[in-house]
S.K.: 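One structure, as structure tokens, below. Some questions next.
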Amino acid sequence: MRLVMNEPVERMERPYAKRWWALLVLCLSLLIIVMANTALTVAAPDMTQDLGLTSSDLQWVIDGYTVPYAALMLLLGAIGDKYSRRGALVLGLVVFGAGSVAGSLVGSSTGVIAARAVMGVGAAMIMPATLSLLAATFPRAERAKAIVLWTATAGLAIAAGPLVAGALLENHGWASTFLINVPVAALAIAGALALVPPSKAARHGRIDYAGGLLSVVWTGALVYMIIQGPHFGWDAKAVGAAVVAGAGLIAFVAWELRHPRPVLDVRRFLDRGFAGSNLAVALFFLAVFGAFYYLTQHLQFVLGYDPFDTGVRMLPLAGAVFVGSALTGLLTPRLGMKVTVTAGMALGTLALALLTRVDAASGYGDFVAPLVILGVAIGLALSPCTDAIMGAFPESELGVGGAVNDTSLELGGSLGIALLGSVLASSYSSHLADAAHGTGLPAAALETAQDSVGAGYAVAQGVADKAAHATAPEQAAQLAEGARRMTEAVGSAFSDAVAHTSLVGAVILAVGTVLVAVLLPGRTARAAARTEDR
């Protein structure tokens, strides 16, 4: 029995017999890189307390992963196409595992941010490799089913991250949320070598490194601007990043239009189906990651669930993703991707619209229906889009195709957290100023409480601690009443902010649904286009 699978998939006369086992390895690889972000939202409070992170530090701990991840995918996807897609996957898993080990050992914000950046580099190799290997290994007739399972895994990872992190934090510190990646990465490496056949482009000329580097510049600068501007203000850094992103994008498009073998043929975006599919992916993850960002905070801070219980209560989302994925596997061949994608985006809009009803009296039961609907929407919308994007690329550019899909996903997610997170923070601060009126809280303490919902409850707890240590009964009673009112004010302000932010997200996704419905061709137009291609 061979320990390493050495026969390239391109030389196989028949479909690879163990392709579904190979898909399991690819999905496992995808699982850990998505969970690396969602698990951190649960581990963040412990990490903040242990390392003394400021709000700026915490933001870059989260986004230090995102910048290299989004910026490097296109170039690394092209390199994987030319030299080895499986090699890119294995190397990415090694880098990701090494970054995870480093992240568990460091004791400063700078060290954690650097470790997360290394993990982001590894993820930039892994993510496009999973899709390119999937497309290369599966025959075209089965590819849509395989992509359904790939997409379902991404949806599962969104909900499973908090659950796994919560379970680890029950008895271990935040470093365990890094270390858990190591055995999973090791298992994926062994599985990749044993079960995933090697693959690379049969014909691939010299890599357009200039275009690849321009893509790194403009994408990295854009993600940096998305993070820096809304969270920290439009200072010289944010404005400078915006200028670099704009100039870099113009230079990238101009270079790619003139290059005989561009790293990405930007003319593809003139195709309505391709452009609509990328727009749908970006907008959907804008809504999903933005909603996930504030829902986990509401469950933990306002409703008082610990990390593990928070993860458990996100499971309806994961289960619903599989239901939606099963539905899209049945409906898309019959109705066409335009119908299923538009229906999925409409359901996503409905889920956010239901969250606009959240108020101070809302309990977990009020979140179940939106979570289920959002999960079904993910399953319905994303698989057909990913299949369409991958189908637009020839065999020699499957890694680039995976990178384009994943860059749209990551840009949408980053924009969702930044944009909806900024709306959430502004709305919470404004509502708290109104709700805390008459509590007698000093201006400096109110300003601290307005920074975040966690800071708000910390201020309320501080007032309660003063009441417990007050010697005069009358003063103790006044402070205790002030603490109670402040706690209510924080919960009410954040609930109102969730409702307001959900409204903004619903409007964005509703407009996006209309645009995608206009862009995506119907079944007749798509069939005609395929006939012309032949």
S.K.: Are V244 and M225 packed together at the side-chain level, in the sense that at least one heavy-atom pair is separated by less than 4.5 angstrom?
M.R.: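 No, too far: nothing below the 4.5 Å cut-off.
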S.K.: When you measure from the side chain of S176 to the backbone of G173, do you find a donor-acceptor pair of N or O atoms at a distance under 3.5 Å?
M.R.: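 At least one qualifying donor-acceptor pair exists.
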S.K.: Go through the structure and list residues passing salt bridge (charged side-chain N to carboxylate O under 4.0 Å, His left out) with D265, not counting sequence neighbours.
M.R.: R267
S.K.: Could you walk me through whether E7 and K18 pass salt bridge (charged side-chain N to carboxylate O under 4.0 Å, His left out), step by step?
M.R.: CA-CA 12 Å; E7 184 181 1; K18 296 182 179 179; over 6 Å; no
S.K.: List the atom of V263, the atom of A78, and the distance in Å for their closest heavy-atom pair.
M.R.: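 Heavy-atom minimum between the residues: CG2-CB, 3.7 Å.
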S.K.: Would you check, one step at a time, whether the test side chain to side chain contact (heavy atoms under 4.5 Å, CB included) holds for L26 with T153?
M.R.: CA-CA 10 Å; L26 300 179; T153 301; over 6 Å; no
S.K.: Please report the closest heavy-atom contact between A377 and G348, naming both atoms and the distance.
M.R.: CB-N, 3.6 Å
S.K.: Within the structure provided, determine whether M35 and V184 are in side-chain contact (heavy-atom separation under 4.5 Å).
M.R.: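 No, too far: nothing below the 4.5 Å cut-off.
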S.K.: Name the atoms and distances for all side-chain donor-acceptor pairs under 3.5 Å in residues 63-77, with sequence neighbours left out.
M.R.:
{"from": "D63", "atom 1": "OD2", "to": "Q59", "atom 2": "NE2", "distance (Å)": "2.6"}
{"from": "Y65", "atom 1": "OH", "to": "I33", "atom 2": "O", "distance (Å)": "2.7"}

S.K.: Is the shortest heavy-atom distance from the side chain of M127 to the side chain of L30 under 4.5 Å?
M.R.: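 Touching, per the 4.5 Å side-chain cut-off.
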S.K.: Start with the C-alpha distance between L93 and I32, add both sets of side-chain angles, then the distance that settles side chain to side chain contact (heavy atoms under 4.5 Å, CB included), and finish with yes or no.
M.R.: CA-CA 10 Å; L93 287 166; I32 59 171; 4.0 Å; yes
S.K.: K145 vs D387, test: salt bridge (charged side-chain N to carboxylate O under 4.0 Å, His left out). Steps then yes/no.
M.R.: CA-CA 9 Å; K145 292 180 181 179; D387 188 34; over 6 Å; no
S.K.: For a quick check under 3.5 Å, do T332 and T328 share a side-chain donor-acceptor pair by atom type?
M.R.: yes
S.K.: Say whether, by atom type as modelled, one donor and one acceptor occur between the side chain of S325 and the main chain of V321 under 3.5 angstrom.
M.R.: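 Indeed, once roles are kept as given, a pair shorter than 3.5 Å links the two residues.
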S.K.: Sub-3.5 Å donor-acceptor pair from the side chain of R140 to the main-chain atoms of G391, do we have one?
M.R.: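 A pair under 3.5 Å: no.
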S.K.: Indicate whether any N or O donor in one side chain lies under 3.5 Å from an N or O acceptor in the other, for T386 and W150.
M.R.: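 On atom types as modelled, these side chains do not qualify, holding no pair under 3.5 Å.
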S.K.: Of all the heavy-atom pairs spanning S408 and N278, show the shortest one and how long it is.
M.R.: OG-OD1, 2.7 Å
S.K.: If we only count heavy atoms from C-beta on, is the Y428 to T501 side-chain gap below 4.5 Å?
M.R.: no
S.K.: Side chain of D208, backbone of P262: donor and acceptor closer than 3.5 Å?
M.R.: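 The answer is no, because no donor-acceptor pair under 3.5 Å joins these two groups.
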S.K.: Got a second to check how far M5's CE is from L193's CG, nearest 0.5 Å?
M.R.: 12.0 Å
S.K.: How close do P197 and V9 get, heavy atom to heavy atom, and via which atoms?
M.R.: CG-CB, 3.9 Å
S.K.: Considering residues at least two apart in sequence or located in another chain, which fulfil the salt bridge (charged side-chain N to carboxylate O under 4.0 Å, His left out) criterion with R268?
M.R.: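 In terms of salt bridge (charged side-chain N to carboxylate O under 4.0 Å, His left out), with neighbours along the sequence ignored, R268 is linked to E397.
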S.K.: Within a 6.0 Å radius of atom CH2 on W234, are there more than 12 heavy atoms belonging to other residues, nucleotides or ligands?
M.R.: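 Result for CH2/W234: enclosed.
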S.K.: Decide side chain to side chain contact (heavy atoms under 4.5 Å, CB included) for S109 and L51; before the verdict, give the C-alpha distance in whole Å, the side-chain angles of both, and the deciding distance to 0.1 Å.
M.R.: CA-CA 7 Å; S109 60; L51 299 179; 5.6 Å; no
S.K.: Check ring pair (Phe, Tyr, Trp, His ring centres under 6.0 Å) between F292 and all other residues, then give those that pass, not counting sequence neighbours.
M.R.: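 Partners of F292 under the ring pair (Phe, Tyr, Trp, His ring centres under 6.0 Å) test: none.
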S.K.: Please check: side-chain N/O of T219 versus main-chain N/O of S215, any donor-acceptor pairing under 3.5 Å?
M.R.: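 Yes; at least one donor-acceptor contact below 3.5 Å.
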S.K.: Do you know the tightest heavy-atom contact between T340 and P384?
M.R.: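 Between these two residues, the closest heavy atoms are OG1-CG, 3.7 Å.
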S.K.: First locate atom CG of L91, then atom OG of S84, and finally report the distance between them rounded to the nearest 0.5 Å.
M.R.: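 Answer for the CG-OG pair, L91 versus S84, is 10.0 Å.
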S.K.: Looking at L134, is its backbone amide N or carbonyl O close enough to the side chain of T137 to form a donor-acceptor pair, meaning the two atoms are under 3.5 Å apart?
M.R.: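 Here the side-chain-to-backbone pair does not exist.
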S.K.: Give the table of side-chain donor-acceptor pairs shorter than 3.5 Å for residues 410-421, with sequence neighbours excluded, one pair per line with atom names and distance.
M.R.:
{"from": "S414", "atom 1": "OG", "to": "E410", "atom 2": "O", "distance (Å)": "2.9"}

S.K.: Under 3.5 Å, side chain of D81 to main-chain N/O of G399, donor-acceptor pair present?
M.R.: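 Yes: the side chain of D81 pairs with the backbone of G399.
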S.K.: Within the side chain of T177, is there an N or O that forms a donor-acceptor pair under 3.5 Å with the backbone of W174?
M.R.: yes
S.K.: Hey, are S502 and Y294 close enough side-chain-wise for a donor-acceptor pair under 3.5 Å?
M.R.: yes
S.K.: To the nearest 0.5 Å, what is the distance between CD (E395) and OG (S132)?
M.R.: 10.0 Å
S.K.: Working to the nearest 0.5 Å, report the span between CD of E256 and CG of L214.
M.R.: 7.5 Å
S.K.: Strictly distance-based, threshold 3.5 Å: is any side-chain N or O of N405 a donor or acceptor partner for the main-chain N or O of G401?
M.R.: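 Side chain of N405 to backbone of G401: no pair is present.
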S.K.: What I'd like to find out is whether the side chain of F178 reaches to under 4.5 Å of the side chain of V101, using heavy atoms alone.
M.R.: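 F178 does not reach V101 side chain to side chain.
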S.K.: When you measure from the side chain of K338 to the backbone N and O of A517, does any donor-acceptor pair fall under 3.5 Å?
M.R.: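 Such a contact is found between K338 side chain and A517 backbone.
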S.K.: What residues form a ring pair (Phe, Tyr, Trp, His ring centres under 6.0 Å) with F138, not counting sequence neighbours?
M.R.: W20
S.K.: Do V196 and Y16 make a side-chain contact, defined as non-hydrogen atoms from C-beta onward lying under 4.5 Å apart?
M.R.: no
S.K.: If you define the side chain from C-beta out and look only at heavy atoms, does anything of L24 sit under 4.5 Å from L195?
M.R.: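 The answer is no, as the side chains (C-beta and beyond) never meet within the 4.5 Å cut-off.
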S.K.: Could you walk me through whether V266 and F252 pass the side chain to side chain contact (heavy atoms under 4.5 Å, CB included) check?
M.R.: CA-CA 9 Å; V266 294; F252 173 74; 3.9 Å; yes
S.K.: Roughly how far, to the nearest 0.5 Å, is CD of Q228 from CG of D235?
M.R.: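 The CG atom of D235 sits 5.0 Å away from the CD atom of Q228.
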S.K.: Parallel, tilted or perpendicular: which fits the ring planes of W255 and H259, with parallel below 30° and perpendicular above 60°?
M.R.: tilted
S.K.: Heavy atoms, side chains only, cut-off 4.5 Å: are L89 and S29 in contact?
M.R.: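 Result yes, sub-4.5 Å side-chain heavy-atom pair found.
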S.K.: Using 0.5 Å steps for rounding, measure from the CG atom of L156 to the CG atom of L149.
M.R.: 11.5 Å
S.K.: Please walk me through it: do S199 and R85 pass side-chain hydrogen bond (donor to acceptor under 3.5 Å, both in side chains)?
M.R.: CA-CA 6 Å; S199 173; R85 292 163 182 149; 2.8 Å; yes
S.K.: Considering all heavy atoms of both residues, which atom of G402 and which atom of M390 are nearest to each other, and what is their separation?
M.R.: N-SD, 3.4 Å
